[in-house]
Amino acid sequence: MEALKTKVAAESVGLPSIYSLEYEELQSWLQEQGEPEFRTQQIFYWLYQTRVQSFEEMTNLSKQLRQKLAEAFSITVLKEVTHQESVDGTVKYLFELKDGYTIETVLMKHDYGNSVCVTSQVGCRLGCTFCASTLGGLKRNVEAGEITAQVLEIQKDLDKKGERVDSIVVMGIGEPFDNYDELLSFLKIINHDNGLNIGARHITVSTSGMVPRIYDFADEQLQINFAVSLHAPNSEIRSRLMPVNRAWPVEKLMESIRYYQDKTSRRVTFEYGLFGGVNDQVEHAEELAELVNGLKCHVNLIPVNDVPERDYVRTSKNDIFAFERTLREKGVNVTIRREQGHDIDAACGQLRANERQEETR
């Protein structure tokens, strides 16, 4: 119960979001109110299956309990500022939080279903030189309930079409491992059988390489998919692209990934953005193949979307295919990410940067 008190105290504005509570935390709170255990399942059903927007709608709860819930918690509803829809079906939403800050959430359409990319921080402090998310720095962490609410807002739109969210990627604005506790709560909430019931293997978490947290995440031994934004085959290039590498260089990063695989036996995906003339030549591919040798891994090559605020140029198609071919010849499992949202502000943080310039200066 102490963890619940800490979580409630940490909420920044108004009542804490009930979406921030893991199943067991809500269960503990209800026990303190003298309520039977089955109430937890009922409330989770209302929140995540029926998707009510007020406690008054929970009609099989007593009036007294509904009042207690309303006095203790809020049901987070995000305000849509704007959205953009691509010809390929990708939809990027800009949502406003309770304190006026904004975050991005993206719905992506795949052959295997609907995927939602969620944001874990308002801004980012890691300063990757190719990313619009870092413009203006870090404003604050996003609470577990606010991350959960992003998925629910998308699900409400999909409800109108008789569709559902099939998978989650935590790759939006911010570094998920820099908001570790809220991230873990979110993962447990959406994965719970009585929550959104999204299978662990349909959830992917990506990190830019906060090495201590990779060890922590490995020790959790979750069945969740794990991705690392690598973007370079050596520390010299990576430090130019990603300042986080100065704290935890490639060599330390790879040690932590080997630890992760030893603990979990799970494959790791390496996200590798291709930047023209920086990291996209055959010699870079050869060096990358050597770096990941011996790991159970997949390399996802990403032809970068142009971000006007940054100066990197797009890699040519010939260089993309030569890079992929070199990795395959070296025995590396590799794909080129299918482009989505090329006709909208698809790059991470770009819509926010355009719509809320005061937040990103």
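For clarity, every value in this text was computed on a predicted model and none was experimentally measured. Values below: all heavy atoms of this structure, side chains included; hydrogens, waters and symmetry mates excluded.
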Does [X] [atom1] have over 12 foreign heavy atoms under 6.0 Å away?
X: Lys263; atom1: NZ; value: yes
X: Lys330; atom1: NZ; value: no
X: Tyr259; atom1: OH; value: yes

Taking the side chain as every heavy atom from C-beta outward, state whether [X] and [Y] have any pair of such atoms under 4.5 Å apart.
X: Asn300; Y: Tyr272; result: no
X: Arg314; Y: Pro303; result: yes
X: Lys98; Y: Thr76; result: no
X: Gln121; Y: Ile103; result: no
X: Met242; Y: His231; result: yes
X: Leu69; Y: Trp29; result: yes
X: Glu153; Y: Val77; result: yes
X: Thr269; Y: Asn225; result: no

[atom1] of [X] to [atom2] of [Y]: how many Å apart, nearest 0.5 Å?
X: Arg66; Y: Trp46; atom1: CZ; atom2: CH2; value: 9.5 Å
X: Thr82; Y: Glu104; atom1: OG1; atom2: CD; value: 11.0 Å
X: Ile189; Y: Leu21; atom1: CD1; atom2: CG; value: 7.0 Å
X: Tyr180; Y: Ser185; atom1: OH; atom2: OG; value: 11.0 Å
X: Lys252; Y: Trp248; atom1: NZ; atom2: CH2; value: 12.5 Å

Discussion item. For a salt bridge (charged side-chain N to carboxylate O under 4.0 Å, His left out) check, start with the C-alpha distance between Lys109 and Asp88, then their side-chain angles and the critical distance, and finish with the verdict.
Written reply: CA-CA 8 Å; Lys109 299 283 189 175; Asp88 64 21; over 6 Å; no

Non-hydrogen atoms of [X] and [Y] that approach each other most closely:
X: Leu15; Y: Ala72; answer: CD2-O, 4.0 Å
X: Thr102; Y: Val122; answer: O-CG1, 4.0 Å
X: Cys124; Y: Gly174; answer: CB-CA, 4.0 Å
X: Thr148; Y: Tyr48; answer: CG2-CE2, 3.7 Å
X: Ala232; Y: Ile237; answer: CB-CG2, 3.7 Å
X: Pro233; Y: Leu291; answer: O-CD2, 3.8 Å

Worksheet entry | Trace of the side chain to side chain donor-acceptor pair (under 3.5 Å) decision for Asn279 with His284 | CA-CA 6 Å; Asn279 67 346; His284 298 130; 5.9 Å; no

Worksheet item: Cluster question for you: counting only ILVMFWY and a side-chain heavy-atom cut-off of under 4.5 Å, with indirect links fine, are Phe44 and Phe186 together?
Response: yes

Discussion item. Taking Leu230 as the starting point, is it possible to reach Val278 by hopping between hydrophobic residues whose side chains are less than 4.5 Å apart?
Written reply: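 They do share one cluster, since a chain of ILVMFWY contacts under 4.5 Å joins Val278 to Leu230.
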
Item to complete: Under the salt bridge (Lys or Arg N to Asp or Glu O under 4.0 Å) rule, collect the residues that match up with Arg51, sequence neighbours excluded.
Response: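 Checked Arg51 against salt bridge (Lys or Arg N to Asp or Glu O under 4.0 Å); matches are Asp159.
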
Does [X] have any side-chain hydrogen bond (donor to acceptor under 3.5 Å, both in side chains) partners at least two apart in sequence or in another chain, and if so, which?
X: Gln150; result: Thr105
X: Arg328; result: Glu324
X: Gln33; result: none
X: Ser235; result: Asn245, Glu251

Fill in: For Phe275, all residues meeting ring pair (Phe, Tyr, Trp, His ring centres under 6.0 Å), sequence neighbours excluded
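Once residues adjacent in sequence are excluded, the partners of Phe275 under the ring pair (Phe, Tyr, Trp, His ring centres under 6.0 Å) criterion are Phe130, Tyr312.
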
Practice prompt. Carefully, step by step, assess Asn141 and Glu182 under the rule side chain to side chain donor-acceptor pair (under 3.5 Å).
Written response: CA-CA 8 Å; Asn141 285 328; Glu182 297 298 310; over 6 Å; no

Donor-acceptor contacts, no H, no angles, side chain residues 34-41, under 3.5 Å, sequence neighbours left out:
| from | atom 1 | to | atom 2 | distance (Å) |
| --- | --- | --- | --- | --- |
| Arg39 | NH1 | Gln42 | OE1 | 2.7 |
| Arg39 | NH1 | Asn60 | O | 3.3 |
| Thr40 | OG1 | Glu37 | O | 3.1 |

Fill in: Counterpart residues, side-chain contact (heavy atoms from CB on, under 4.5 Å), relative to Ser167 (two or more places apart)
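side-chain contact (heavy atoms from CB on, under 4.5 Å) list for Ser167, sorted by chain: Tyr112, Ser115, His202.
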
Please list every donor-acceptor pair under 3.5 Å in which a side-chain atom of residues 190-201 meets a protein atom from a residue at least two apart or in another chain.
| from | atom 1 | to | atom 2 | distance (Å) |
| --- | --- | --- | --- | --- |
| Asn191 | ND2 | Ile198 | O | 3.0 |
| His192 | ND1 | Asn194 | N | 3.0 |
| Arg201 | NH2 | Gln223 | OE1 | 2.9 |

Which donor-acceptor pairs under 3.5 Å do side chains of residues 210-218 form with protein atoms, sequence neighbours excluded?
| from | atom 1 | to | atom 2 | distance (Å) |
| --- | --- | --- | --- | --- |
| Arg213 | NH1 | Asp216 | OD2 | 3.0 |

Fill in: Trace of the side-chain contact (heavy atoms from CB on, under 4.5 Å) decision for Tyr19 with Glu143
CA-CA 9 Å; Tyr19 293 145; Glu143 298 154 8; over 6 Å; no

Worksheet item: Passes side-chain contact (heavy atoms from CB on, under 4.5 Å), Tyr93 versus Val81? Steps please.
Response: CA-CA 8 Å; Tyr93 297 81; Val81 177; over 6 Å; no

Discussion item. For residues 229-249, which residue pairs pass the salt bridge (charged side-chain N to carboxylate O under 4.0 Å, His left out) check, not counting sequence neighbours?
Written reply: Glu236-Arg240

Worksheet entry | Pairs where residues 269-296 contributes a residue and the test salt bridge (charged side-chain N to carboxylate O under 4.0 Å, His left out) is met, not counting sequence neighbours |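 Checked against salt bridge (charged side-chain N to carboxylate O under 4.0 Å, His left out) - neighbours excluded - the pairs reaching residues 269-296 are Glu271-Arg337.
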
Item to complete: Assess whether side-chain contact (heavy atoms from CB on, under 4.5 Å) is satisfied between His298 and Arg267, documenting all intermediate values.
Response: CA-CA 7 Å; His298 174 84; Arg267 186 179 76 166; 3.7 Å; yes

Practice prompt. Please lay out, stage by stage, how Phe270 and Leu288 fare under the test side-chain contact (heavy atoms from CB on, under 4.5 Å).
Written response: CA-CA 10 Å; Phe270 290 107; Leu288 176 60; 5.9 Å; no

Practice prompt. Under the side chain to side chain donor-acceptor pair (under 3.5 Å) rule, what do Ser120 and Glu175 come out as? Steps first, then yes or no, please.
Written response: CA-CA 7 Å; Ser120 57; Glu175 164 54 58; over 6 Å; no

Worksheet item: So among Gln64, Lys63, Glu71, which one has a side chain to side chain donor-acceptor pair (under 3.5 Å) with Gln67?
Response: Glu71

Item to complete: Take Glu57 and Ser54 through the test side chain to side chain donor-acceptor pair (under 3.5 Å) and record every step on the way to the result.
Response: CA-CA 6 Å; Glu57 295 175 72; Ser54 75; 3.2 Å; yes

